[in-house]
**Q** 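I'd like to ask some things about the structure below.
Order of the sequence lines sets the chain letters (A, B, ...), proteins ahead of strands, with each chain counted from 1. The figures that follow rest on heavy atoms only: side chains count, while hydrogens, waters and symmetry mates do not.
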2 protein chains.
Amino acid sequence: MSGAKRQTRKPRPEGLSRIQEMNRAKILDAALGQFSRYGYSGTTIEKISGEAGMSKSNLLYYFASKPDIYEAVLEHILDVWLAPLRSLDPEGDPAAELSAYIRQKLQMSAERPEASRLFANEVMQGAPRIRRVLEEDLKGLVAEKSEVIRHWMAAGKIRQTDPVHLIFLIWAMTQHYADFQTQIEVLTGRTLQDPDFRKGAEEAVIAMVLSGLGLVPKDR
Amino acid sequence: MSGAKRQTRKPRPEGLSRIQEMNRAKILDAALGQFSRYGYSGTTIEKISGEAGMSKSNLLYYFASKPDIYEAVLEHILDVWLAPLRSLDPEGDPAAELSAYIRQKLQMSAERPEASRLFANEVMQGAPRIRRVLEEDLKGLVAEKSEVIRHWMAAGKIRQTDPVHLIFLIWAMTQHYADFQTQIEVLTGRTLQDPDFRKGAEEAVIAMVLSGLGLVPKDR
DNA sequence: CGTCTTCTTGACCGTTTGGTCAGGTTTCGT
DNA sequence: ACGAAACCTGACCAAACGGTCAAGAAGACG
């Protein structure tokens, strides 16, 4: 061997390379589509890799195992999914705040129905992988926002109701349009993607919630 | 061959034998539990047979294949699942009829949450096996009951709303308590099985729906 | 009681699936 | 341009799964 100077390259400066960032994003996107449509067990990593435009082996170069991919997708979604509730403002007008919240939730159901379905799927199976998040993050968040609602009730701004049930019912109504999209489309021929239908859904949900709280929804 | 008289037995009189009836029931029950918890692909026939207390081979003696079992379970459930809507009476008082409907739906969510989850699972995956039922039976049923609601609106008994959205929202709110049972239990420590919690849910849903229709829910 | 039918099982088979591995190709800093 | 990382792939493997089959056990009826 010659004693010539060994040129070495910094092993990994920090963060992700362009290629990694791009491929991980493609994988997570494809995985969301598959997991939300076919469930965890119904999805194969080969299908995901195909959808992402790469070989199965290459996918396993980026994520060590199938559960790893699933958890990455879930984590990637959860923050976005819970964001609207976080922004419920105690100082705002109840009718305006709740209307905005409902609109945001419906917007997410319209724009990212797969995320809603994946979340629903996970919870329906007993939430084995996000139990901790529910217990630690969501539980606190719900308690905090329940207090906001209770505060509005105490101030006489809305009718007496159980805040937790109110939150559950808003989740139920808004997520239903994403989770049961197929059924809705079969029955009506439309989905939230249709602007008219989306407006109809918004008005129906908002009217029901506001009048349920003794707030007359303003006519247009 | 001797010419002795062959004693033969009637091959199969009619209907199912006691043993068949019992085992088919055990299988369908076990299958519902598994399919609703783990989804179609996440369920193995070996697990089902184990839960039903028999060997895998024996299960396959009663049902020819996995899809066969799944469809049998689904069919077995669908009638029961849609029954409450059928009984919505045009001649009755809107507040009483809708309250009763909501109570029935919540009762089913409380007593048969697995059925609700299986149905939700099927629809979320695009309803590949019950599309026909949705298109042919449910679509007609929804159209018929929408007409009932429209009739109530025309008679000035309830406020103007889109009947189809109303039906969707009632489904959403009532089924949510079954489908998201895990989440609800994590957040509140309770489920519909708890009588107090169930009463709270009933009141919350009924109050919201009735006031949304301009009907003041009667205090107690 | 004898015999035909129904019921039940363990052994077995082909396919699918998650994951490994050795080796080739591309990228990139120097 | 060069060499070391980073990136990518096809071949391969073990486990799990849906389903078949031959043969025994239990049940029912004359």
**Q** Between the axis at one end of the helix from C/dC1-D/dG30 to C/dT30-D/dA1 and the axis at the other (five pairs apiece), what's the angle to 10 degrees?
**A**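 What I find for the helix from C/dC1-D/dG30 to C/dT30-D/dA1 is an axis angle of 20°.
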**Q** Could you note down all residue pairs passing salt bridge (Lys or Arg N to Asp or Glu O under 4.0 Å) where residues 33-62 of chain B supplies at least one of them, sequence neighbours left out?
**A**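 The answer is none; no pair qualifies.
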**Q** Can you find a pair of side-chain heavy atoms, one from A/Phe35 and one from A/Ile48, that are under 4.5 Å apart?
**A**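 In short, these two side chains touch, coming nearer than 4.5 Å.
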**Q** Specify the separation, in whole Å, of atom CZ of B/Arg18 and atom P of D/dG27.
**A**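 My rounded result for the distance is 9 Å.
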**Q** Sequence neighbours excluded, which residues qualify as side-chain contact (heavy atoms from CB on, under 4.5 Å) partners of B/Ser55?
**A**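 Listed in chain order: B/Ser57, B/Asn58.
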**Q** Under the side-chain contact (heavy atoms from CB on, under 4.5 Å) rule, collect the residues that match up with A/Pro90, sequence neighbours excluded.
**A**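 Result, side-chain contact (heavy atoms from CB on, under 4.5 Å) vs A/Pro90: A/Val148.
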**Q** Can you check the B/Tyr38 OH to D/dC17 P distance for me, whole Å?
**A**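 Interatomic distance, OH of B/Tyr38 to P of D/dC17: 13 Å.
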**Q** List for me each residue that meets ring-ring contact (aromatic ring centres under 6.0 Å, His included) alongside B/His176, sequence neighbours excluded, and say none if there are none.
**A**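 Partners of B/His176 by the ring-ring contact (aromatic ring centres under 6.0 Å, His included) criterion, ordered by chain and then number, come out as B/Phe180.
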**Q** Would you call the rings of B/Phe168 and A/Tyr177 parallel, tilted or perpendicular if under 30° counts as parallel and over 60° as perpendicular?
**A**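 It falls in the perpendicular class, over 60°.
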**Q** Applying salt bridge (Lys or Arg N to Asp or Glu O under 4.0 Å), name anything that partners B/Asp137, two or more places apart in sequence or on another chain.
**A**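 In terms of salt bridge (Lys or Arg N to Asp or Glu O under 4.0 Å), with neighbours along the sequence ignored, B/Asp137 is linked to no residue.
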**Q** Enumerate the salt bridge (Lys or Arg N to Asp or Glu O under 4.0 Å) contacts for residues 65-89 of chain B, please, sequence neighbours excluded, ordered by first and then second residue.
**A**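 Listed once each, the pairs would be none.
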**Q** Less than 4.0 angstrom from a charged side-chain N to a carboxylate O is my criterion; do A/Arg150 and A/Glu147 meet it?
**A**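 Salt bridge flag = yes for A/Glu147 with A/Arg150.
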**Q** Just say parallel, tilted or perpendicular for the rings of B/Tyr70 and B/Tyr40, cut-offs at 30° and 60°.
**A**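 Perpendicular: the ring planes of B/Tyr70 and B/Tyr40 meet at over 60°.
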**Q** For B/Ile69 and D/dG18, what is the distance between atoms CD1 and C1' respectively, to the nearest whole Å?
**A**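 So the two atoms are 10 Å apart, to the nearest Å.
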**Q** Begin from the C-alpha positions of B/Val209 and B/Leu166 and carry the test side chain to side chain contact (heavy atoms under 4.5 Å, CB included) through to its verdict.
**A** CA-CA 8 Å; B/Val209 170; B/Leu166 176 62; 4.2 Å; yes
**Q** Please report, rounded to the nearest Å, how far the C1' atom of D/dT20 is from the CZ atom of B/Phe63.
**A**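 Atom-to-atom, B/Phe63 to D/dT20, this comes out as 19 Å.
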**Q** Give the B/S/- string for nucleotides 10-22 of chain C, one per nucleotide from 5' to 3', where a protein heavy atom under 4.0 Å of the base yields B, of only the sugar-phosphate yields S, and otherwise -.
**A** BB-----SBBB--
**Q** Show each protein N/O and nucleotides 23-26 of chain C N/O combination with a separation under 3.5 Å, one pair to a line.
**A**
none

**Q** Who pairs with A/Tyr101 by side-chain contact (heavy atoms from CB on, under 4.5 Å), at least two apart in sequence or on another chain?
**A**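 With neighbours one apart ignored, the set is A/Pro84, A/Leu85, A/Leu88, A/Lys105, A/Ile170, A/Trp171.
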**Q** Rounded to whole Å, how long is the line connecting atom CD of A/Gln20 with atom P of C/dT27?
**A**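 My rounded result for the distance is 15 Å.
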**Q** With the threshold set at under 4.0 Å for non-hydrogen atoms, list the residues of residues 23-36 of chain B touching DNA chain D in residue-number order.
**A**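 The answer is none.
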**Q** Please determine, for the side chain of A/Tyr62, which listed nucleotide (D/dT9, D/dC8, C/dC7) has the closest atom?
**A**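 Comparing D/dT9, D/dC8, C/dC7 against the side chain of A/Tyr62, the answer is D/dC8.
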**Q** Not counting sequence neighbours, list each pair that qualifies as a salt bridge (Lys or Arg N to Asp or Glu O under 4.0 Å) and has a residue in residues 185-197 of chain B.
**A**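 Qualifying pairs, neighbours excluded: B/Arg190-B/Asp194.
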**Q** Under 4.0 Å from OP1 or OP2 of D/dC8: is there any side-chain N or O of A/Tyr61 that close?
**A**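 Indeed not, no polar side-chain atom of A/Tyr61 lies that close.
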